[in-house]
Amino acid sequence: MNKAFTFVKKEFLEMLPPTIFFFVVFHVLLFTRALMAEEYGIPLTYSAAALIGALIAGKSILIADALPFVNLFHNKRLIYNVLWRTFLYLGIVVLFQFLEELIPLVSKHGANVTAIAELSKEMKWHQFWATNILCALFLIFYNLATATVEVVGRNALMEMFFGSRSNSLNKDV
């Protein structure tokens, strides 16, 4: 029982930062979509969709990070790894976005080919690209932040941002 609890706790703690980050990101994306559609009231269902999306994204990042080729550019300059991970994560996001739109059409039309044809007709491409551009930008920020934590260290970063101001001034002198 202790092993199972330790494993679940470890997975939860690893999933927590990307889930919180993407919870905020998906709220921003959904709010942007609502504004593009000229809807000014954001229903509670949008928040639930953002939470579900954040949980999926958080777990997807853990799964992607477990893939053997995620650190393909680990020995290169940091920017290569940041851009590679952004590309990889964005691919997963786009895949889930297509599946989110495709699954109801498959249940409605039955055949995958018909559902894909309907998807290409019904998809609001301007919203799709706007959402993915914003998502790519947020993914770059996320990957820059996680790369910085990996290089500098969590404790050093926490000290830089939240440590006492007098300590950081004394170090500069």
Worksheet item: For the residue pair S107 and P104, what are the closest heavy atoms and their distance?
Response: OG-O, 2.8 Å
Which pairs with one or both residues in [range] pass salt bridge (charged side-chain N to carboxylate O under 4.0 Å, His left out), sequence neighbours excluded?
range: residues 8-23; value: K10-E14, E11-K59
range: residues 137-147; value: none
range: residues 61-77; value: D65-R85
range: residues 15-31; value: none

Please enumerate all residues that pass side-chain contact (heavy atoms from CB on, under 4.5 Å) together with [X], with sequence neighbours excluded.
X: M123; result: F98, E101, L119, W125, F128
X: A147; result: L78, V82
X: F69; result: L67, W84, L88

Using 0.5 Å steps for rounding, measure from the [atom1] atom of [X] to the [atom2] atom of [Y].
X: I92; Y: F87; atom1: CD1; atom2: CZ; result: 11.0 Å
X: F96; Y: I103; atom1: CZ; atom2: CD1; result: 9.5 Å
X: L137; Y: N132; atom1: CG; atom2: CG; result: 11.0 Å

Item to complete: Assess whether side-chain contact (heavy atoms from CB on, under 4.5 Å) is satisfied between M15 and I61, documenting all intermediate values.
Response: CA-CA 8 Å; M15 197 173 99; I61 285 177; over 6 Å; no
Fill in: Residues which pass side chain to side chain donor-acceptor pair (under 3.5 Å) with N143, listed by chain and number, not counting sequence neighbours
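N143: side chain to side chain donor-acceptor pair (under 3.5 Å) contacts with T86.
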Worksheet item: Should V28 and L134 be marked as a side-chain contact (heavy atoms from CB on, under 4.5 Å) after you check the CA-CA gap, both sets of side-chain angles, and the distance that decides it?
Response: CA-CA 9 Å; V28 170; L134 288 171; 5.6 Å; no
Practice prompt. Please check if V94 and V106 belong to a single hydrophobic cluster, counting links between Ile, Leu, Val, Met, Phe, Trp and Tyr side chain heavy atoms closer than 4.5 Å.
Written response: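 Both belong to a single hydrophobic cluster.
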Worksheet item: Under a 4.5 Å side-chain heavy-atom rule over Ile, Leu, Val, Met, Phe, Trp and Tyr, are M158 and V152 clustered together?
Response: yes
Worksheet entry | Hydrophobic cluster partners of L13 (side-chain heavy atoms under 4.5 Å) | F12, L16, I20
Worksheet item: Taking only residues two or more places apart in sequence or in another chain, which ones pass ring pair (Phe, Tyr, Trp, His ring centres under 6.0 Å) with Y142?
Response: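 Testing Y142 for ring pair (Phe, Tyr, Trp, His ring centres under 6.0 Å), a comparison that skips the adjacent residues, returns F21, F22.
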